Number of protein chains: 2
Amino acid sequence: MPEAIDAIDRRILRALQRNGRMSNVELANEVGLSPSPCLRRVRLLEESGVIDQYVAVLNGPRIGLGLTVFVRVWFKTQDAEITQQFAETVRKFPEVVECYLTTGECDAIMRVVTADLHAYWRFQADHLTRIPSVQSVKTDVPMETIKRSYELPLL
Amino acid sequence: MPEAIDAIDRRILRALQRNGRMSNVELANEVGLSPSPCLRRVRLLEESGVIDQYVAVLNGPRIGLGLTVFVRVWFKTQDAEITQQFAETVRKFPEVVECYLTTGECDAIMRVVTADLHAYWRFQADHLTRIPSVQSVKTDVPMETIKRSYELPLL
DNA sequence: GATAATTTGGCAGGATATGCCACCCCTTGC
DNA sequence: GCAAGGGGTGGCATATCCTGCCAAATTATC
């Protein structure tokens with residue numbers, strides 16, 4: 001039921017990943033189609049869930065959110081109930097921009113965005129480590145961005 | 001030069017983070033402004049760099065890119081030249097969606113997107129560990145997504 | 001090679017974006 | 001307290017764009 005994605009669809013996706021507010025006529029020119037079928041393809045990609053959403057990407061430092069931290073989390077136990085409770089709590093923290101459960105060395109990974117190290121420290125001390133299921137955490141702090149892309153490696 | 005961001009700007013940013021393709025009239029209604037001043041504020045936010053770009057967020061699994069892996073990298077040496085070479089190489093890999101230099105336990109963190117574990121393994125064996133500056137890597141594989149947001153914690 | 005299904009392109013009506021100008025509000029200076 | 005100035009807002013006119021419909025073309029199927 002998910003229609004096959006052909007070369008034109010890939011061109012559309014590539015273009016919209018770079019500029020999600022592109023007008024349909026501009027997009028149609030770029031992919032070599034007239035506006036009508038181009039728009040129809042975009043709508044199909046949206047409705048079929050290939051395109052999840054469109055978002056504006058903000059410049060963190062420009063709005064006082066200069067620090068991103070990657071946090072690895074270890075749980076006290078791995079049973080489902082404790083994990084569920086952790087998930088629900090984490091989802092409510094706006095500072096936690098991403099969070100995944102992992103198997104392997106640690107139990108969860110998350111990305112936290114705050115104003116600065118002090119703000120992060122407060123978040124960790126006041127909220128993160130107070131979640132009952134959390135045993136310990138380790139943080140990795142990016143010092144310099146080498147690459148930050150929102151384009152998936154199509155093809 | 002960076003104009004202050006007031007409450008209306010924050011409302012605009014919040015809305016555009018959730019739906020970057022919102023029409024200007026819809027956005028104006030949501031923030032309580034008429035279309036004209038609303039559009040001008042959006043343009044200012046774009047030109048001043050508060051809004052970096054607009055992107056379409058794709059559903060990875062739907063296009064055959066079901067695996068995201070977090071990789072921690074250790075360098076052989078930390079001198080600037082080696083690091084620079086690492087950065088330039090990594091920027092060319094489309095699978096590497098994000099990459100940061102860190103200080104602390106490891107030397108770099110990256111997020112890699114591939115079709116599956118096998119594809120990741122090929123990437124690691126054929127490309128990543130062949131970068132001269134790379135001494136070793138450790139991977140954390142998300143098994144379940146608890147949260148994935150594109151909204152920065154404004155305010 | 002003919003038919004059917006899918007996709008494309010063009011067109012018309014409606015909605016939206018854009019640029020301009022007058023008005024309002026708030027501040028500044030007297 | 002009052003007048004002048006500046007920034008922000010709202011409304012309007014034009015141009016552009018989106019949207020749905022139908023015919024034509026392309027592709028697939030038999």
Side-chain angles (χ1 to χ4, degrees), chain A residues 1-65 150-152 154-155, chain B residues 1-65 150-152 154-155:
Chain A
M1 101 230 240
E3 71 293 333
I5 289 177
D6 62 10
I8 298 180
D9 284 332
R10 269 193 291 274
R11 283 207 289 274
I12 290 175
L13 294 177
R14 251 191 293 273
L16 288 179
Q17 280 190 114
R18 283 195 295 270
N19 179 9
R21 275 206 96 142
M22 202 173 223
S23 83
N24 183 55
V25 298
E26 190 184 352
L27 179 63
N29 281 336
E30 193 158 323
V31 304
L33 233 55
S34 72
S36 276
C38 182
L39 183 64
R40 180 174 17 232
R41 279 171 178 266
V42 172
R43 291 284 174 270
L44 280 174
L45 290 168
E46 291 168 0
E47 285 159 19
S48 68
V50 172
I51 296 177
D52 258 337
Q53 57 174 337
Y54 299 91
V55 303
V57 177
L58 306 191
N59 183 323
R62 265 293 229 276
I63 52 176
L65 294 169
Y150 295 89
E151 301 176 36
L152 298 186
L154 294 176
L155 262 184
Chain B
M1 59 294 36
E3 70 295 329
I5 290 175
D6 62 11
I8 298 179
D9 284 331
R10 269 192 292 272
R11 282 206 289 274
I12 290 175
L13 294 176
R14 251 191 292 272
L16 288 178
Q17 280 190 115
R18 284 196 293 270
N19 179 7
R21 273 205 100 140
M22 201 173 224
S23 82
N24 183 56
V25 300
E26 190 183 352
L27 179 63
N29 280 335
E30 193 157 323
V31 305
L33 234 54
S34 73
S36 276
C38 182
L39 184 63
R40 180 173 20 228
R41 277 170 179 268
V42 172
R43 291 287 175 268
L44 280 174
L45 290 168
E46 289 168 3
E47 286 158 20
S48 67
V50 172
I51 297 177
D52 258 337
Q53 57 173 337
Y54 299 91
V55 303
V57 178
L58 305 191
N59 184 322
R62 266 292 228 276
I63 52 176
L65 294 169
Y150 295 89
E151 301 176 37
L152 297 186
L154 293 178
L155 264 187

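Only this structure's heavy atoms are used, side chains among them; waters, hydrogens and symmetry mates stay out. Just so it is clear, the structure is predicted and the values come from calculations on it, not from any experiment. In the text below, chain A, chain B and the rest are named by the order of the sequence lines, each starting its count at 1.
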Practice problem: Measure the distance from CG on B:Leu44 to C1' on C:dT18 and round it to the nearest whole Å. | Solution: 15 Å

Quiz item: Rounded to whole angstroms, how far apart are CG on B:Leu27 and C1' on C:dT18?
Solution: 15 Å

Quiz item: Quick one: on DNA chain C, does A:Arg41 or B:Asn24 contact a more 5' nucleotide (nearest heavy atom)?
Solution: A:Arg41

Exercise. Compare the minimum distances between each of D:dC21, D:dC18, C:dG19 and the side chain of A:Ser36, then state the nucleotide with the smallest one.
Key: D:dC21

Exercise. Identify whether any heavy atom of A:Ser23 sits under 4.0 Å from a base atom; if not, whether one sits that close to sugar-phosphate; answer base, sugar-phosphate or nothing.
Key: sugar-phosphate

Quiz item: When you check the gap from the basic side-chain N to the acidic O, do B:Glu30 and B:Arg18 get nearer than 4.0 Å?
Solution: yes

Quiz prompt | Out of C:dA17, C:dG9, D:dC18, whichever nucleotide has its closest atom nearest the side chain of A:Val25 | solution = D:dC18

Practice problem: Find the distance between CZ (B:Arg21) and CD (B:Glu26) and round it off to the nearest 0.5 Å. | Solution: 13.0 Å

Exercise. Report yes if a side-chain nitrogen or oxygen of A:Arg43 is closer than 4.0 Å to either non-bridging phosphate oxygen (OP1 or OP2) of D:dC18; otherwise report no.
Key: no

Self-check item: Euclidean distance, atom CG of residue A:Leu39 to atom P of C:dC11 [Å, nearest integer]
Solution: 18 Å

Quiz prompt | Separation of D:dT9 P from B:Asn29 CG (nearest whole Å) | solution = 15 Å

Quiz item: Going through the checks in order, is the side-chain contact (heavy atoms from CB on, under 4.5 Å) test met by A:Ile51 and B:Leu58?
Solution: CA-CA 5 Å; A:Ile51 296 177; B:Leu58 305 191; 3.9 Å; yes

Quiz item: For the pair made of CE in B:Met22 and P in C:dA15, what is the distance, rounded to whole Å?
Solution: 19 Å

Quiz item: Taking CZ from A:Arg21 and C1' from C:dT18, how many angstroms apart are they, rounded to a whole number?
Solution: 13 Å

Quiz prompt | Nucleotide C:dC25, atom P - distance to CG of B:Leu33 in whole Å | solution = 15 Å

Exercise. Would you mind reading off the distance between B:Arg40 atom CZ and C:dT16 atom P, rounded to a whole angstrom?
Key: 20 Å

Quiz item: Can you tell me how far CD1 of B:Ile5 sits from CG of B:Leu13, rounded to the nearest 0.5 angstrom?
Solution: 6.0 Å

